[in-house]
Novice: 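Handing you this structure, nothing more for now.
Chain A is the first sequence line, chain B the second, and so forth, proteins listed ahead of strands; every chain is numbered from 1.
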Protein chains: 2
Amino acid sequence: MIKKETITEKQEKTARYAKAMGHPIRMYVLELLSKQSCCYSGDLTEELPIVKSTLSQHLKELKDVGLIQGEIEAPRIKYCINKENWKEAQLLFTELFES
Amino acid sequence: MIKKETITEKQEKTARYAKAMGHPIRMYVLELLSKQSCCYSGDLTEELPIVKSTLSQHLKELKDVGLIQGEIEAPRIKYCINKENWKEAQLLFTELFES
DNA sequence: AACTTTGTTCGGTATATTACGAACAAGGAA
DNA sequence: TTCCTTGTTCGTAATATACCGAACAAAGTT
């Protein structure tokens with residue numbers, strides 16, 4: 001965490017979102033969920049060249065940063081975009097690119 | 001590098017840009033350059049809480065991914081946005097968030 | 001209760017990232 | 001030529017990331 005007021009909270013937040021998006025697997029999941037409303041991680045394990053434990057870690061990262069959310073639908077978990085934060089990220093990136 | 005056609009080239013590229021943007025220092029530099037047309041890294045060293053060698057590494061990363069470019073203006077180097085790639089990144093992120 | 005399915009956590013390993021200071025290179029100024 | 005300024009590269013260290021397989025936990029099925 002940078003502590004010198006040169007860097008704004010906004011920049012920190014944008015960077016945090018960008019970092020979470022900075023991996024092909026996570027980018028894939030985000031794009032999928034942004035078009036498809038929801039998915040189950042079992043589906044992802046089949047499509048993606050990684051084992052479930054690794055996928056779980058990537059999903060956790062996306063959850064931790066707030067870009068997705070999971071809802072238990074036993075025995076599976078349904079993932080979707082966290083619309084509020086997704087919108088925030090969209091705004092942050094739009095502002096960045098338009099300035 | 002993921003090699004299983006699930007993940008598209010576009011997603012790989014977007015993730016690559018996102019990763020480069022995924023650090024507060026680099027985000028700061030990008031935002032500055034996107035509004036200000038150019039800057040010199042000496043200015044950045046004064047504003048930012050890092051030493052010049054660390055800054056040099058961050059700038060190299062942004063250069064390597066193609067988001068900025070440097071022009072020698074001895075004895076300094078003038079940095080600006082690489083407009084072509086910046087536009088590409090903008091497009092990729094816009095598409096991602098709008099889909 | 002025993003089994004199955006689904007996903008997380010743990011332990012371990014390999015590689016990448018971030019950071020610093022020292023040393024080096026390039027070029028202008030004295 | 002000898003400084004000085006600027007920025008890169010090198011060596012090093014601490015921490016983070018990415019990945020796997022095995023073990024574990026939760027909850028529905030048989």
Novice: Looking at dC19(D), dG28(C), dG7(C), which one has an atom nearest to any side-chain atom of Ala74(B)?
Specialist: dG28(C)

Novice: Give the rounded distance in Å between these two atoms: CD of Glu73(B) and C1' of dG27(C).
Specialist: 14 Å

Novice: Take Lys60(A) and Lys19(A), find for each the nucleotide of DNA chain C with the closest heavy atom, and name the residue whose nucleotide sits nearer the 5' end.
Specialist: Lys60(A)

Novice: On DNA chain C, compare the nucleotides closest to Pro75(B) and Tyr40(A); which residue's is nearer the 5' end?
Specialist: Tyr40(A)

Novice: Take the protein atom CZ of Arg76(B) and the nucleotide atom C1' of dC4(D), then report the distance between them rounded to whole Å.
Specialist: 15 Å

Novice: How close or far is atom C1' of dT4(C) from atom NZ of Lys52(A), stated in whole angstroms?
Specialist: 11 Å

Novice: Can you check the Ile25(B) CD1 to dT18(C) P distance for me, whole Å?
Specialist: 10 Å

Novice: Side-chain N or O of Lys78(B) less than 4.0 angstrom from OP1 or OP2 on dG7(D)?
Specialist: no

Novice: Starting from C1' on dA26(D), measure out to CD1 on Ile72(A) and report it in whole angstrom.
Specialist: 9 Å

Novice: If the cut-off is 4.0 Å, is Ser53(A) near the phosphate of dT8(C), judged by side-chain N/O to OP1 or OP2?
Specialist: no

Novice: Quick one: Leu55(B) CG to dT18(C) P, roughly how many Å, whole number?
Specialist: 13 Å

Novice: Give the ring-plane orientation class for Phe93(A) versus Phe93(B), where under 30° counts as parallel, over 60° as perpendicular and anything between as tilted.
Specialist: parallel

Novice: Please check this pair: side chain of Thr14(A) against backbone of Lys10(A), looking for a donor-acceptor N/O pair closer than 3.5 Å.
Specialist: yes

Novice: Where is the tightest heavy-atom contact between Gln90(B) and Thr94(B), given as atom of each residue plus distance?
Specialist: O-OG1, 2.6 Å

Novice: Is there a side-chain polar atom (N or O) of His23(B) under 4.0 Å from OP1 or OP2 of dA19(C)?
Specialist: yes

Novice: Is there a side-chain polar atom (N or O) of Ser56(A) under 4.0 Å from OP1 or OP2 of dT8(C)?
Specialist: yes

Novice: Whole angstroms only, please: what is the CD-C1' distance between Glu71(A) and dG7(C)?
Specialist: 16 Å

Novice: With side chain to side chain contact (heavy atoms under 4.5 Å, CB included) as the criterion, how do Lys13(B) and Glu88(B) come out once you've worked through the C-alpha distance, each side chain's angles and the decisive distance to 0.1 Å?
Specialist: CA-CA 10 Å; Lys13(B) 186 169 255 175; Glu88(B) 183 190 38; 3.2 Å; yes

Novice: What is the nucleic acid contact for Thr54(A), judged by heavy atoms within less than 4.0 Å: base, sugar-phosphate only, or nothing?
Specialist: base

Novice: Does Glu61(B) reach a base, just sugar-phosphate, or nothing at all? Heavy atoms under 4.0 Å.
Specialist: sugar-phosphate

Novice: Once you round it to whole Å, what is the distance between C1' of dT18(C) and CG of Leu62(B)?
Specialist: 14 Å

Novice: If only atom types and distance count, is the side chain of Thr6(B) paired as donor or acceptor with the main-chain N or O of Glu47(A) below 3.5 Å?
Specialist: yes

Novice: Below 4.0 angstrom from OP1 or OP2 of dT17(C), is there any side-chain N or O of His58(B)?
Specialist: no

Novice: Counting heavy atoms from C-beta on, name the nucleotide in dT18(C), dG7(D), dC19(D) closest to the side chain of Gln57(A).
Specialist: dC19(D)

